[in-house]
Each structure stands twice: as structure tokens, then as C-alpha cells.
Protein chains: 2
Amino acid sequence: MTRQKVKMAFIENESSRKATYKKRKKGILKKANELATLCGVPVGVIIDSPYDLTPEVWPSREDMDNVLSQLQRLPVMDRTKKMLNQESYLKQSISKASETCKKLTKENKELEMKEVMFDCLSGKTSPSRIEKNDLGACGNVIEQYLRNLNRRIEILSKNDGASSSSVHVVASTSVAMPIVELGSSSTAFCDMIRQQQIQSNMNQNVGSLDLNQQQW
Amino acid sequence: MTRQKVKMAFIENESSRKATYKKRKKGILKKANELATLCGVPVGVIIDSPYDLTPEVWPSREDMDNVLSQLQRLPVMDRTKKMLNQESYLKQSISKASETCKKLTKENKELEMKEVMFDCLSGKTSPSRIEKNDLGACGNVIEQYLRNLNRRIEILSKNDGASSSSVHVVASTSVAMPIVELGSSSTAFCDMIRQQQIQSNMNQNVGSLDLNQQQW
DNA sequence: GTAACTATGCTTAGGCG
DNA sequence: GCGCCTAAGCATAGTTA
């Protein structure tokens with residue numbers, strides 16, 4: 001009953017391939033028509049179907065002929081240059097996917113760091129146990145956190161000048177930077193813990209500003 | 001917040017039109033690539049975009065050129081004949097939609113009839129109150145019901161020959177037909193009520209056969 | 001083969017930074 | 001404008017009749 005995500009590969013089974021073909025062809029034609037209608041753009045689709053009697057299908061504008069002949073009239077260089085063949089399309093897709101993947105990896109790393117730091121704060125583990133390689137990511141997280149914190153503090157300053165200005169100095173990003181640069185985790189991390197406490201204090205002072213909106 | 005179903009019409013607002021264009025173009029190209037991959041079929045898409053620098057996009061097979069030139073080589077008659085322009089595509093869509101609509105209308109009518117008949121059976125109203133124009137639909141419902149009933153009875157016969165064979169005669173579709181043909185509702189309808197009772201009896205006799213599976 | 005159904009997940013309109 | 005997010009709607013794989 002649990003449909004697997006359908007591997008993007010040639011469907012071996014003849015009958016299901018044909019079924020898929022029919023459904024998806026219909027889907028594409030509909031989409032093409034919608035694009036043409038919504039955006040007033042000539043759209044043409046060719047499908048060299050081995051299943052339909054006719055080897056081509058045009059779902060769109062009557063004057064698509066004209067577009068086609070315009071295409072023919074262009075110098076060969078210009079049009080081949082700009083044509084995306086399947087290979088280049090796939091390459092594009094892959095590079096996009098790689099980028100997304102990279103981004104997600106980084107994000108995962110940061111989440112992991114947040115967890116580790118949480119554990120440190122609650123006493124489950126100690127900052128000295130953090131892997132050397134993870135210190136960079138850890139630093140990013142802290143830096144990001146400090147940025148948010150400072151933003152909050154500035155908002156706070158506007159509402160309540162006296163109590164918040166003194167906090168601002170402590171929450172400077174310069175505290176976090178050494179972690180990234182030098183890899184000396186302990187001191188900066190203790191600073192961070194202090195800031196946690198500062199955050200608590202701030203929350204007590206100004207309950208109306210929801211500092212817990214911070215993601216961690 | 002509640003997105004309306006997006007009217008299928010040219011988007012007047014320039015910026016949202018462009019946004020939609022970009023999203024949907026991406027969508028179509030993806031779909032085209034999927035179709036090509038899953039079914040091993042050459043697929044080509046041309047979009048005469050006013051937004052992209054290049055006026056055409058080909059999302060598919062390298063050898064789409066060949067398909068194109070094959071297309072060019074065909075006699076003009078043959079290819080224009082089989083090309084669907086947007087108008088004919090829309091006409092097709094409309095006729096399909098009309099058919100669906102007709103079917104749904106009929107279905108609605110029958111549901112309505114079922115409701116009316118239920119009310120008759122429960123004494124809320126009387127068969128003589130049924131609109132003359134509705135008698136046909138009413139007859140269809142009854143006929144359908146009788147068909148189901150007979151099928152049930154046949155199943156029953158195989159398990160319990162004696163008690164069911166006498167029922168079968170009563171539940172012949174010939175009882176319902178006069179409604180459709182002659183429009184004389186009352187007699188046939190009373191017959192139907194009798195059959196309801198028969199059904200009840202049958203349920204009592206053979207509780208294991210779930211006659212209530214009948215949709216009404 | 002075709003049509004209908006349904007659960008699943010992909011696409012996308014609108015909103016936000 | 002661009003990219004990201006989310007809810008809503010749509011497409012469709014697998015199944016049944």
C-alpha cells in the first residue's frame with residue numbers, strides 16, 4: 001500500500017510504462033495549456049509517442065508554426081547554443097541538487113551543534129568534548145545566535161535604555177569569533193553560557209519581548 | 001489566506017504573471033524530463049518566453065533535432081492535420097467536461113430520487129408527490145436497485161435454494177420497467193416497498209449476506 | 001484495454017524577508 | 001527582483017471493477 005517514491009528511471013514493465021505515459025502526457029498537455037493561458041505565452045510540446053498513432057502532439061497556440069519557423073530561421077549557432085538537451089538539463093539539476101544538499105548538510109551540522117551545546121548547558125556533557133572539526137560549525141551557530149541576541153537587545157534599547165545598554169557590550173560578536181578563528185572552545189563557550197543567563201535575565205526584565213523565538 | 005482556485009485566465013498583474021511563469025515553466029520542464037526518462041520517449045518543449053533572454057527552451061533529448069527535422073519532412077497535410085492547436089485542445093477539454101458534467105447531473109438526480117424514495121418509505125411523503133419529469137430517473141434508480149437485488153438473490157439461491165427461489169420472481173426487473181416506460185409510478189412504487197419488506201425478510205433469514213451494502 | 005478511486009506526494013499561489 | 005516557506009490544490013501510482 002505504501003507507494004515508493006517512484007524511481008526516476010525507465011519503467012521496465014511495458015503495461016505500466018504505457019499507463020504512466022498516458023497519464024503523464026495528459027498532465028503535461030494540461031500544464032502546457034495552463035501556462036499558455038495564464039501567461040499568454042505560446043507553448044509547444046512535441047512527444048514522439050510510440051503509443052499514439054501520431055508521432056507528435058502540439059497542445060498549444062495555432063501560431064506555434066510561426067514560432068517554429070522563426071526558430072528555423074535563426075542561425076544554427078544561436079539556437080543550438082541555447083537549446084538545452086537532456087544532458088545539460090540533467091547537469092543543471094544535479095548541480096542544483098548538490099547545492100541544496102550542501103546547504104542541508106550545513107544546516108544539519110548546525111542543528112547537531114545546537115544539540116551538543118544544549119547538552120553542555122544542561123550539564124550532560126562538557127564543551128571540552130566537542131570535536132575539533134566541529135568547532136567551526138559551533139562558532140557559526142554561536143555567532144548567529146549572538147547576532148540575533150544583539151538585534152533583540154537593540155530593540156530592547158529603544159524601549160528601555162538603562163538596563164539593556166550594559167548587556168550589549170557582553171553580547172558582542174567578538175566573543176564568538178575566537179572560536180572560529182582559533183578553535184579555543186572553552187572560554188568562549190563559557191561566555192556563551194553566561195549569555196544564556198543574560199538572556200534569562202532579559203526575559204525576566206522584559207517578558208513582553210519574546211526572546212524564546214530564537215530557534216534554539 | 002484562503003487561496004482561491006486560480007481562475008484559468010490571463011494574469012493581469014505583471015509581476016505575479018512573471019512569477020507564475022517562472023514557476024510553471026520550471027514545473028513543465030521537470031515534467032517533460034520525467035516523461036522522457038520514465039517512458040524513454042523523446043519530448044520537446046518550446047516556450048516563446050517574453051521573460052527569458054532566449055525565446056525557446058528545449059528541455060529534452062539531444063536528438064530532438066532529429067524529431068524536429070522528421071516533422072519538417074512530413075507532408076504538410078499530414079502534420080497540420082494531426083497538430084492540435086490550442087483551440088481544438090480546448091474544444092476537446094470542453095466536450096470532456098460537458099460529458100463529466102452530464103454524468104454528474106444524472107448521478108445527482110439519482111441521489112435525489114433515492115432521497116425522495118427514502119422519504120416515501122419512511123412515510124414523510126408519498127409516491128404520488130414525485131414530479132412527472134423525475135419518474136424516469138426514479139425508474140433508473142429502482143431498476144438499478146432491482147438488478148443488485150437479483151444478483152443478491154442469485155448468490156442466495158446457491159446457498160439456500162428453497163426460501164430464495166420464490167423471492168426471485170417478485171424481484172424481477174419487469175416490475176420496474178413500467179415506470180420508465182409508462183410513467184405510472186404508484187403501482188410500481190408500492191411493489192418496490194413490498195420488495196423492501198422482502199429485503200427485510202431476507203436479511204432476517206440470511207443475516208450473513210449484508211444486503212445493506214446497497215448504496216441507499 | 002478502460003474507467004474510477006484513493007492515498008500519497010509534488011506543484012504552486014501567496015506571503016515574507 | 002530573488003529565494004524561501006507553507007497551505008491548498010493537483011497529479012498520479014497502484015489498485016479495483
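So that the names make sense, note that chain A is the first sequence line, chain B the second, and so on, each numbered from 1.
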Study note, to complete from the structure: What one should report as the nearest heavy-atom pair of A:Ala32 and A:Val43 is CB-CG1, 3.9 Å
Check your understanding: Where is the tightest heavy-atom contact between A:Met113 and A:Cys138, given as atom of each residue plus distance?
Key ->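 Of all heavy-atom pairs spanning A:Met113 and A:Cys138, the closest is CG-N, 3.7 Å.
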Separation of atom [atom1] in [X] from atom [atom2] in [N], rounded to whole Å:
X: B:Arg17; N: C:dG14; atom1: CZ; atom2: P; result: 14 Å
X: B:Lys106; N: C:dA4; atom1: NZ; atom2: P; result: 12 Å
X: B:Lys7; N: D:dG9; atom1: NZ; atom2: P; result: 17 Å
X: B:Asn13; N: C:dA13; atom1: CG; atom2: C1'; result: 12 Å
X: A:Tyr21; N: C:dG1; atom1: OH; atom2: P; result: 15 Å
X: B:Met8; N: C:dT11; atom1: CE; atom2: C1'; result: 15 Å
X: B:Glu34; N: D:dA13; atom1: CD; atom2: C1'; result: 13 Å
X: B:Asn33; N: D:dA11; atom1: CG; atom2: C1'; result: 17 Å

Check your understanding: What distance separates B:Lys31 NZ from B:Leu38 CG, expressed to the nearest 0.5 Å?
Key ->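 Rounded to the nearest 0.5 Å, the NZ-CG separation comes out at 10.0 Å.
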Study note, to complete from the structure: d(B:Leu135 CG, B:Ile130 CD1) to nearest 0.5 Å is 6.5 Å
Point to revise | Shortest side-chain distance from A:Thr20, nucleotide among D:dA13, D:dA11, C:dA13 | key: D:dA13
Practice item. Specify the angle, to 10°, made by the local axes at the two ends of the helix from C:dT2-D:dA17 to C:dG17-D:dC2 when five pairs are taken at each end. Key: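 End-to-end axis angle: 30°.
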Check your understanding: Is the closest basic N to carboxylate O distance between B:Glu14 and B:Arg17 below 4.0 Å?
Key -> yes
**Study point:** Salt bridge B:Arg147-B:Glu143, side-chain N to carboxylate O under 4.0 Å
**Key:**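 Counted as a salt bridge, because a side-chain N and a carboxylate O are separated by less than 4.0 Å.
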Output a table of nitrogen or oxygen pairs between the protein and nucleotides 2-5 of chain D separated by less than 3.5 Å.
residue	atom	partner	partner atom	Å
D:dC4	OP1	A:Lys103	NZ	2.4

Report which part of the nucleic acid [X] touches: base, sugar-phosphate, or nothing (heavy-atom distance under 4.0 Å, all strands).
X: B:Lys26; value: nothing
X: B:Ser16; value: nothing
X: B:Ser15; value: sugar-phosphate

Exercise for review: Verify the contact: side-chain N or O of A:Lys31 to OP1 or OP2 of C:dT12, cut-off strictly under 4.0 Å; return yes or no.
Suggested key: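 Checking C:dT12 against A:Lys31, a side-chain N or O does come within under 4.0 Å of OP1 or OP2.
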Review point. Quick one: is B:Lys30 getting a side-chain N or O under 4.0 Å of the C:dC10 phosphate, OP1 or OP2?
Key: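 So the side-chain polar atoms of B:Lys30 never come under 4.0 Å of the phosphate oxygens OP1 or OP2 of C:dC10.
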Exercise for review: Kindly indicate whether the side chain of A:Ile11, heavy atoms from C-beta on, has any atom under 4.5 Å from the side chain of A:Tyr21.
Suggested key: no
Check your understanding: Do B:Phe10 and A:Thr37 come within less than 4.5 Å of each other through their side chains, counting heavy atoms only?
Key -> no
Practice item. Kindly write out the residues that satisfy salt bridge (Lys or Arg N to Asp or Glu O under 4.0 Å) with B:Glu34, not counting sequence neighbours, or none if the list is empty. Key: A:Arg24
